[in-house]
Amino acid sequence: MKLNDAVFGLLVFALGAAVLLGVQGFPKIPGQPVGPALFPGLIAVGLCVTGLVLVVQGWRGRVTQPWLQWDDWVRSPRHVLGFAAVIVGTAFYILAANKLGFLPCAVFVLTGLFCILRMPVGRSVLVAVIAALAIHFAFYKLLRVPLPWGVLPILY
């Protein structure tokens, strides 16, 4: 899917404006001219300027570039199913991770995605288990990110 630059520019500008509004609530540091809002604010201003430039370019080129153009993959049921599976898998993880835990959710989601990508079921499960364990090790042990254990507190 291709968006006209004007549409994408409006989205970028809105993101920059939202960040600018958000950094207004950051606390000031007494005795210092710069605070924690400086760098996010500069990035937000850059997003707003970039968004406006894209809006102007898109508005000028609206005759040659449609507002929205679908790519060929949208006509492929397999690709649409893959896209929907990523969205559903992410929503499932968000809703179920605290109760089931990271490992079962990751194995379930990865196995489903691998099967949709036409990998054999046995290999899908094996690769999903290995990938989930590797990701868990990297985040939990190396990066010290607290992942939910859910139904597997024995491994803790």
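Bear in mind that the values here come from a model prediction, so they are computed numbers and not experimental data.
- The heavy-atom pair separating V55 from A6 by the smallest distance is CG2-O, 3.6 Å.
- Tracing side-chain contacts under 4.5 Å through hydrophobic residues (I, L, V, M, F, W, Y), one never reaches L21 starting from L11; they form parts of separate clusters.
- W59 contributes atom CH2, which lies 15.0 Å from atom CD of Q57 (distance to the nearest 0.5 angstrom).
- Of all heavy-atom pairs spanning K28 and P30, the tightest one is O-CD, 3.5 Å.
- Cluster membership for L152 and V129, using ILVMFWY side-chain heavy atoms within less than 4.5 angstrom, is shared.
- Residues L110 and A128 approach most closely at CB-CB, 3.7 Å, considering heavy atoms.
- The CG atom of L10 sits 12.5 Å away from atom CG of L15, with the distance rounded to the nearest 0.5 Å.
- Across N4 and G58, no two heavy atoms sit closer than the pair OD1-CA, 3.2 Å.
- Under the 4.5 Å side-chain heavy-atom criterion for grouping Ile, Leu, Val, Met, Phe, Trp and Tyr, L47 is connected to L54 within one hydrophobic cluster.
- The distance from atom CD1 of I29 to atom CG of L38, rounded to the nearest 0.5 Å, is 10.0 Å.
- With values rounded to the nearest 0.5 angstrom, F8 atom CZ is found 10.5 Å from T50 atom OG1.
- We find the OG1-CD1 distance between T111 and I116 to be 11.0 Å, quoted to the nearest 0.5 Å.
- Residues L113 and V88 do not share a hydrophobic cluster, clusters being chains of Ile/Leu/Val/Met/Phe/Trp/Tyr side chains in contact below 4.5 Å.
- Checked against a 6.0 Å centroid threshold, the rings of F108 and F92 count as neighbours.
- Annotation for C105 and L100: closest pair SG-CB, 3.8 Å, computed over non-hydrogen atoms.
- L143 and L133 end up in the same hydrophobic cluster when Ile, Leu, Val, Met, Phe, Trp and Tyr side chains are linked at under 4.5 Å.
- Within a 6.0 Å radius of CZ in R78, other residues, nucleotides and ligands contribute more than 12 heavy atoms.
- Under the rule for a side-chain hydrogen bond (donor to acceptor under 3.5 Å, both in side chains), T90 has no partner lying at least two apart in sequence or in another chain.
- Distance check: L147 CG to F137 CZ gives 13.0 Å after rounding to the nearest 0.5 Å.
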Does the pair V127 and F114 meet the rule for a side-chain contact (heavy atoms from CB on, under 4.5 Å), with working shown? CA-CA 9 Å; V127 172; F114 291 149; 3.6 Å; yes
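- Here the shortest heavy-atom pairing between A44 and G16 reads CB-O, 3.4 Å.
- When side chains are defined from C-beta on, I135 counts as touching F102, because their heavy atoms get closer than 4.5 Å.
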